[in-house]
Number of protein chains: 2
Amino acid sequence: MSSINWSSSDLQAFAALVQTRHFTRAAERCHLSQSAFSQKIRRLESMVGVRLFERSTRQVSLTPEGEQLSREVLRIERELQQALGQLSDLAGLRAGRVAVAALPSIAAVWLPQLLARWRALHPQVTLTLHDSLAHVGLALLREGKVDLALTAGGDLREFETELLRTEPYWLVCPGGHRLAARRRVHWADLAGEEVIQLARSSSVRQQLDRLAAAQVLRSSPLEVEQLATLAALVRAGLGVSLVPELTLFHFRGPGLAAVPLAEPELTRPLWLARRKGQALSVAAQAFRGLLLEAVSASS
Amino acid sequence: MSSINWSSSDLQAFAALVQTRHFTRAAERCHLSQSAFSQKIRRLESMVGVRLFERSTRQVSLTPEGEQLSREVLRIERELQQALGQLSDLAGLRAGRVAVAALPSIAAVWLPQLLARWRALHPQVTLTLHDSLAHVGLALLREGKVDLALTAGGDLREFETELLRTEPYWLVCPGGHRLAARRRVHWADLAGEEVIQLARSSSVRQQLDRLAAAQVLRSSPLEVEQLATLAALVRAGLGVSLVPELTLFHFRGPGLAAVPLAEPELTRPLWLARRKGQALSVAAQAFRGLLLEAVSASS
DNA sequence: CACACTTACGATATTCGTAAGGATT
DNA sequence: AATCCTTACGAATATCGTAAGTGTG
């Protein structure tokens with residue numbers, strides 16, 4: 001089981017000599033003195049235990065054993081060099097892929113410009129985005145289908161997390177509502193208001209339900225899944241709603257107003273989650289860096 | 001184009017760490033101090049430009065890049081080690097093949113015991129024998145189908161040759177012939193004898209034709225190809241013949257006699273021929289060694 | 001504090017280049 | 001004589017092991 005100890009430079013020297021059949025020129029190609037090159041070949045030969053080249057003064061030729069080796073080695077050396085080169089590409093962000101899951105609100109507000117910047121910086125690294133509800137995104141993360149998940153609230157104990165920021169909630173109401181012109185509202189202001197809720201599966205609803213203060217609110221019998229629907233209902237005067245800041249873009253148009261909720265206990269934490277005990281790829285680290293930078297710049 | 005300079009020990013260290021996920025144990029497996037091993041991994045990482053292992057105090061795990069490399073490298077390293085090992089086998093005569101062409105007479109007299117010895121010495125090296133007439137054997141050599149050719153006379157200028165020995169010619173005649181009991185015969189003794197010749201393509205005939213002295217002989221109209229036929233004709237009293245020593249085994253039986261021809265100018269040179277400018281394989285060299293040994297022992 | 005990886009540093013082994021040697025055309 | 005590979009030997013480099021350092025459970 002005496003395994004032979006060769007180095008890549010040995011194999012390159014061998015390959016160079018196979019191609020040139022000339023020690024001096026092969027040595028030049030390897031950036032070595034002709035003498036050092038000669039020694040290298042000699043060492044390689046003594047390692048494998050057989051003469052690989054026939055040196056008849058004016059002619060360098062392969063022995064049968066040398067030919068056999070050349071057939072194998074040239075291919076293998078190329079493969080290995082390629083594998084290592086590919087790795088350098090990954091490390092240098094000249095290749096690779098990152099997959100990210102993000103809540104629709106985050107995907108819509110933060111990611112567009114982030115994706116554009118990513119494209120500009122690392123055009124050869126594929127960035128895949130899954131805009132899914134919290135539980136779907138976390139499932140993707142759990143299965144390793146994505147490197148990172150951008151999510152809000154929920155049970156994240158099985159993951160490693162970083163708090164990106166917390167965002168306040170806003171009251172959304174019809175444009176002519178009595179609170180529409182206020183600069184901010186408190187719980188007390190909401191007494192008697194009919195609040196349209198999102199479906200129980202949404203992260204927003206789950207957080208509101210946990211809040212004792214929310215009990216003072218009068219819940220509307222309406223429950224919707226899509227924020228666009230919610231906006232339409234509010235605009236039609238069927239009630240008001242409480243939504244996190246990042247979703248406000250749904251409530252811009254005419255006939256609607258949004259007022260910040262001045263209650264410190266109702267904020268939504270936005271997390272960057274990754275798998276525990278699993279290092280990020282270089283590309284994923286780069287994405288995270290860009291994300292943190294963007295978040296800190298926007299606050 | 002900065003190609004990375006790694007060595008087999010680097011790759012083995014990497015493989016060991018992938019398998020054990022434990023520096024100390026992997027170092028032992030590589031017969032290295034734990035410190036040297038750590039440096040080795042660090043060097044490898046800095047060469048490819050990316051962290052390959054995640055060392056979290058009590059846990060060694062692969063980074064995504066490390067995993068990618070492990071998939072490729074373990075396979076490639078094995079292939080290369082195998083190619084080099086195979087070469088060692090060839091060098092150590094634990095594998096390989098030799099092909100030899102030999103004239104039928106040589107094949108019949110010298111080679112049987114030589115083949116037996118070869119089997120005993122190098123059972124794992126396949127030895128192929130082609131017993132063919134001179135021109136066929138040389139064609140095989142020219143095409144590289146055989147490593148060596150054992151032949152006699154002929155035009156060998158295109159090959160590299162070694163003279164193994166020269167063998168005398170013998171007169172073969174019927175048992176009751178007037179020369180049958182002689183200890184040796186000269187050209188003069190053959191005057192008036194009818195000499196049965198071999199076909200013009202045989203190396204024996206070609207040599208006899210070149211010999212001026214042979215002109216004194218009376219040629220029989222009979223021309224045969226097979227020595228066995230010749231023996232039968234001589235036994236039947238249809239003439240005598242001149243044959244090289246190595247073919248005498250055809251003329252042993254009753255009713256036949258053989259007498260050495262005491263003419264120094266009529267001997268047959270036996271050559272070992274190989275291709276010019278083409279080194280012999282280790283196995284072929286070994287065969288040549290064995291052959292020379294056997295030849296010098298038999299003379 | 002015991003285990004496991006990293007760092008420091010002197011010792012050893014490899015590999016390199018210059019220069020001389022030898023062989024062939 | 002010119003070309004080309006090998007050998008000799010001191011210098012530079014790389015690698016190793018011992019021992020001390022660091023960090024975590």
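Only a predicted model underlies this, so the values are computations on that prediction, with no experimental measurement involved. All values below come from the heavy atoms of this structure, side chains included, with hydrogens, waters and symmetry mates left out. Throughout, a chain's letter reflects where its sequence line sits, starting with A, and its residues are numbered from 1.
- Side-chain to base pairing of Gln39(A) with dG17(C): one donor and one acceptor N or O lie within less than 3.5 Å of each other.
- Phe37(A) has its CZ atom 18 Å from the C1' atom of dT14(C), to the nearest Å.
- Side-chain atoms of Ser35(A) and Gln39(A) include a donor-acceptor pair closer than 3.5 Å.
- Atom CD of Glu45(B) and atom C1' of dT6(C) are 12 Å apart (whole Å).
- Within a 6.0 Å radius of CD in Glu162(B), other residues, nucleotides and ligands contribute more than 12 heavy atoms.
- The CZ atom of Arg288(A) sits 13.0 Å away from the CG atom of Asp147(A) when rounded to the nearest 0.5 Å.
- The distance from atom CD of Glu28(B) to atom P of dC5(C) is 11 Å, rounded to the nearest whole Å.
- Nearest to the side chain of Phe23(B), among dC4(D), dC16(D), dC5(C), sits dC5(C).
- Nearest-nucleotide assignment on DNA chain C puts the 5′-proximal partner with Arg42(B), out of Gln34(A) and Arg42(B).
- Which of dA4(C), dC16(D), dG17(C) sits closest to the side chain of Leu32(A) comes down to dG17(C).
- Between Arg55(B) and dA4(C) there is no side-chain polar atom (N or O) within less than 4.0 angstrom of OP1 or OP2.
- Counting any heavy atom pair closer than 4.0 Å across all strands shown, Thr24(B) reaches sugar-phosphate atoms only and no base atom.
- Between Ser38(A) and dT6(D) there is a side-chain N or O to OP1 or OP2 distance below 4.0 Å.
- Partner Leu150(A) forms a side-chain contact (heavy atoms from CB on, under 4.5 Å) with one of Leu111(A), Leu270(A), Leu103(A) and no other, that one being Leu111(A).
- The phosphate of dT14(C) (OP1 or OP2) has no side-chain N or O of Arg43(A) nearer than 4.0 angstrom.
- With distances taken from any side-chain atom of Ser35(A) to the nucleotides dT7(C), dG17(C), dC16(C), the minimum falls on dG17(C).
- Distance, Gln12(A) CD to dT15(C) P: 15 Å, rounded to whole Å.
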